[in-house]
Number of protein chains: 2
Amino acid sequence: MVGLRITGIHILTAWSIKMVTIKDIAREAQVSEGTVDRVLHNRGGVSKQTETKIKAILKKHNFTINPVASALASKNKYHIAVLIPKFSDTDIFWKSPYMGIQKAAHDYRSFGIDVRFYRFDQYDSRSYENHFKALLRTTPSIVLVVPLFLKETKRFVGELEQQSIPYMFLNIDVQGFHNMTFIGQDSYTAGYLAGKLMHSIFSEDTNVLIIHSKHNTSVNQTVSKRIEGFTDFFAKQHFKNRPLILKIDAFNTSKETKAAITTFLKKHPKVKGLFIPSSRINIIVDCIAPALLKHYRMIGFDNTPKNIECLENESVSFLISQKPFDQGYESIQVMADYLLKKKIPNDKIYLPIDILTKENVKYNERNELLFEMGNL
Amino acid sequence: MVGLRITGIHILTAWSIKMVTIKDIAREAQVSEGTVDRVLHNRGGVSKQTETKIKAILKKHNFTINPVASALASKNKYHIAVLIPKFSDTDIFWKSPYMGIQKAAHDYRSFGIDVRFYRFDQYDSRSYENHFKALLRTTPSIVLVVPLFLKETKRFVGELEQQSIPYMFLNIDVQGFHNMTFIGQDSYTAGYLAGKLMHSIFSEDTNVLIIHSKHNTSVNQTVSKRIEGFTDFFAKQHFKNRPLILKIDAFNTSKETKAAITTFLKKHPKVKGLFIPSSRINIIVDCIAPALLKHYRMIGFDNTPKNIECLENESVSFLISQKPFDQGYESIQVMADYLLKKKIPNDKIYLPIDILTKENVKYNERNELLFEMGNL
DNA sequence: AAAATTTTCGTGTGCGCACACATTATTAAA
DNA sequence: TTTAATAATGTGTGCGCACACGAAAATTTT
């Protein structure tokens, strides 16, 4: 199945469809290229008369600026500042957005867009503050933030607004800001879908359990929105058995956590389904004795390597992916479109809610894998 | 780091990270830019000595050709020929790949890539032949084909090979060719996943039915691979009840088809799940009396508007999407990478197997919608 | 009416690279 | 050794556009 010779590529020496250039427009309007350039960019200094004439000709030919030539010639260099959490081996979720942003940064580099990272410790608001401060000193063209800390975000965003630097939120949707857009998932619907999937697994009205930590719901709305959607599904079905809730102190495999979970499950033997509305479902799996695991059907979030492992060994039935890689990539794309083409994005940019199973997970996030392998 | 404020966007007047250019490399190697260009493109005519010296410097600086400048300067104009089925209102599936290809064509136009369509009647092999012939007369740089007709494909592909024109297959995977790659879905796994979803809906070992038409399985392997995967799932679970199969003459809402289906279902009252391994599940829905519909859970393929309607009115539980828009887009992308960067693709390029439900379908295929609305 | 402004428009340069062509160094043939 | 042939390298132009600068035309001021 080897391809054919590389040297055998046929090359056209002329365009089949003529490319209309500024020069063509200028000739037809009997003005200089500079004047056409002026109307194209609203630089002013063009008489009403010639402006309308040129605009008519532009429209007639359906002219669009050649983005390649434009990028090459432009002296404008934009600078995107990205404030996102660091990732570590134990907490690898934020790696994917990082990789997506990296790839986009690479793709847009030759278009005069420079992406600078400011990566903070997601458990340390001081770290967030410090990086935000550093970021502000560089007067970026636009800022992408994962607004993990509300109070601090409020403060620094004020600074941005004063300098009229636009900003967008990534992954975490917080209200009451003048952010240009939010890029992420519709958490409520994702939770609702999880509810539907959970219910579809069981024939009748079964007891299901939601496990989350206090930290989860306090910091941002994502997890609570998922829970809301999840419970709403069951509410709408008018089931007798509404989801139970177990709040644990922390997501780890400590004795305390394990004990809390096993005790609860023993007390509620009817529970068959577990819903973990965070990215740490693998921890919960580890907290349950292997022999008991097969009694439960579990649904969680995010395609981290450890979660995928759970999918593959069938301890987890479904994972819902936020497509974090795509979130990152698309963020930069949207910002580039704004900077280069002045394209204003929608208020909310929702990425697909992907359902992952043992079978289809290997075809998901191909982009990320290829990028890591240097093939992209 | 100067921040000129123009329309509120801060613009950098200097690069933060210096862009290494051919000129820089040439200076460091004490040769002319032309010589660097020669080693970059293996044009030959460079002494072993200077070549290794230049290559070392290139590597040292991690130099990559500025694709923007390259595209602008290059006189190479490539021509991609695309042979795909036409779409109509009644058979709209092929619209999505077409749109995806359109968008990619638009994106790559300024890189010197010209895409020409040859759209044939999918029910008429003569139409396929004629368009293939027309295509061959233009000696394209590379060809993208939906190989719907095997015999004809064999013949014309020989022609392509003689002229050493590379070609790739889109959506339909046929064997025994020297195609550079195939872009589409892993149909077997998609069918297997459908089996799993179908089973997960029912608690016990339930009777399920596969409905397909003769035409479906004769023309290409896609449908039969799906059926194979689907039945394999049930085989592996060691169920007593294997899927039943109903072969109908044609997918339409004629009296005959309706009769065939209702008769069969009456004869097999235990059947609860219907699997339609083609894109025409909406037809089957129309063939079943509305009152009976809620007795069945149905799974089908492809996000056509009518199928999505079925999802939304809950007559269909799951649709498996082939991501046809993405298939089209990615095809062109892969071909462009080959033409512009000589990047050889993998044998098979499998796109994700998306599970669509009433809830998440609206977030799917965003790209296609945006493109249609002119926002992309 | 001439000078001073302001508005309107043309010209020139360079972005980084591809590629044709010109030139020089090296080797082979005479 | 001289010349012809070839290999190795340098030079120049232009892709389409952005943008600085300067020239010309229109307008206002003196």
Side-chain angles (χ1 to χ4, degrees), chain A residues 9 11-15 18-27 29-54 58 61 63-78 109-113 339-342, chain B residues 4 6-7 11-15 18-27 29-54 58 61 63-78 109-113 339-342:
Chain A
I9 305 178
I11 295 174
L12 293 182
T13 47
W15 276 103
K18 172 84 175 91
M19 195 76 138
V20 179
T21 70
I22 287 184
K23 199 194 284 184
D24 299 324
I25 304 290
R27 189 171 344 102
Q30 294 174 306
V31 295
S32 73
E33 300 179 38
T35 306
V36 177
D37 175 75
R38 270 173 212 112
V39 329
L40 279 174
H41 294 86
N42 295 314
R43 292 191 213 281
V46 180
S47 73
K48 206 82 196 154
Q49 195 184 338
T50 53
E51 181 177 343
T52 50
K53 188 189 2 175
I54 290 174
L58 287 173
H61 291 292
F63 178 87
T64 48
I65 292 178
N66 182 330
V68 166
S70 175
L72 184 61
S74 178
K75 306 221 88 52
N76 287 353
K77 306 298 175 188
Y78 300 101
R109 202 164 137 57
S110 44
F111 285 87
I113 287 179
L339 295 173
L340 299 174
K341 310 182 200 164
K342 304 197 194 334
Chain B
L4 287 178
I6 296 178
T7 64
I11 295 175
L12 292 183
T13 48
W15 277 104
K18 172 82 172 94
M19 194 77 138
V20 180
T21 70
I22 286 185
K23 199 194 282 184
D24 299 323
I25 303 291
R27 188 170 346 99
Q30 292 173 307
V31 295
S32 74
E33 299 179 40
T35 306
V36 177
D37 174 76
R38 273 182 276 267
V39 327
L40 278 173
H41 294 85
N42 295 314
R43 292 193 215 280
V46 181
S47 72
K48 206 79 196 159
Q49 195 184 338
T50 52
E51 181 176 345
T52 49
K53 188 192 352 179
I54 290 174
L58 287 172
H61 290 293
F63 178 87
T64 49
I65 292 178
N66 182 331
V68 166
S70 175
L72 185 61
S74 177
K75 307 219 86 51
N76 287 353
K77 305 298 175 190
Y78 300 101
R109 202 165 135 56
S110 43
F111 285 87
I113 286 179
L339 295 173
L340 299 174
K341 309 183 201 162
K342 304 196 194 334

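Below, read A as the first sequence line, B as the second, and so on, with proteins coming before strands; counting in each chain starts at 1.
Checking the phosphate oxygens (OP1, OP2) of D:dA18, a side-chain nitrogen or oxygen of A:His41 falls inside 4.0 Å.
The separation between B:Met19 atom CE and C:dC17 atom C1' is 12 Å, rounded to whole Å. Nucleotide C:dA25 holds its P atom 15 Å from the CD atom of B:Gln49, rounded to whole Å. Rounding to whole angstrom units, CZ of residue B:Phe111 and P of C:dC17 are separated by 14 Å. Rounded to whole Å, atom C1' of D:dG12 lies 14 Å from atom NZ of B:Lys23. Across the protein-nucleic acid pair, B:Lys48 atom NZ and D:dT9 atom P stand 12 Å apart, rounded to whole Å. In this entry the distance linking CG of A:Leu40 with C1' of D:dG16 reads 12 Å, nearest Å. As rounded to whole Å, 14 Å separates atom C1' of D:dG14 from atom CG of B:Asp37. The distance from atom CD1 of A:Ile54 to atom C1' of C:dT8 is 11 Å, rounded to the nearest whole Å.
The nearest pair of heavy atoms linking B:Phe63 to B:Thr21 is CE1-C, 3.7 Å. In terms of heavy atoms, B:Asn66 sits closest to B:Met19 at ND2-CE, 3.9 Å. A:Val68 and B:Ala71 make their closest contact through CG1-CB, 4.0 Å (heavy atoms, listed as atom of the first residue, atom of the second, distance). When all heavy atoms of A:Leu58 and A:Leu40 are compared, the pair lying nearest together is CD1-CD2, 3.8 Å.
Taking only side-chain atoms of B:Ser47, from C-beta outward, the nucleotide of C:dC9, D:dA8, D:dA18 with the closest atom is D:dA8. Across C:dC15, D:dT9, C:dA18, the shortest atom-to-atom separation from the side chain of B:Thr50 is found for D:dT9. Between C:dC19, D:dG10, C:dC15, one nucleotide has an atom nearer to the side chain of B:Arg38 than all others, and that is D:dG10. Here C:dA18 is the nucleotide among C:dG14, D:dT9, C:dA18 with the atom lying nearest to any side-chain atom of B:Ile22.
Mapped onto DNA chain D by nearest heavy atom, B:Glu33 and A:Arg43 fall at different nucleotides, with B:Glu33 at the one closer to the 5' end. The residue among A:Thr35 and B:Ser74 whose nearest nucleotide of DNA chain C is located toward the 5' end is A:Thr35.
By the 4.5 Å heavy-atom criterion applied to side chains, B:Leu340 and B:Tyr78 are counted as neighbours. Contact check for A:Ile65 versus A:His41: side-chain heavy atoms found under the 4.5 Å cut-off.
Two end axes, each from the C1' atoms of five base pairs, can be drawn for the helix from C:dA1-D:dT30 to C:dA30-D:dT1; they diverge by 60°, to 10 degrees.
Listed in residue order, the members of residues 63-72 of chain B having a heavy atom less than 4.0 Å from DNA chain C are B:Phe63, B:Ile65, B:Asn66, B:Ala69, B:Ser70.
Listed by first and then second residue, the salt bridge (Lys or Arg N to Asp or Glu O under 4.0 Å) pairs that reach into residues 29-43 of chain A are A:Asp37-A:Arg43, sequence neighbours excluded.
Atom CZ of B:Arg109 sits about 7.5 Å away from atom OG1 of A:Thr64, to the nearest 0.5 Å. In this structure, CZ on B:Arg27 lies 5.0 Å from CG on B:Asp24, to the nearest 0.5 angstrom. Rounded to the nearest 0.5 angstrom, A:Ser74 OG and A:Phe111 CZ are separated by 11.5 Å.
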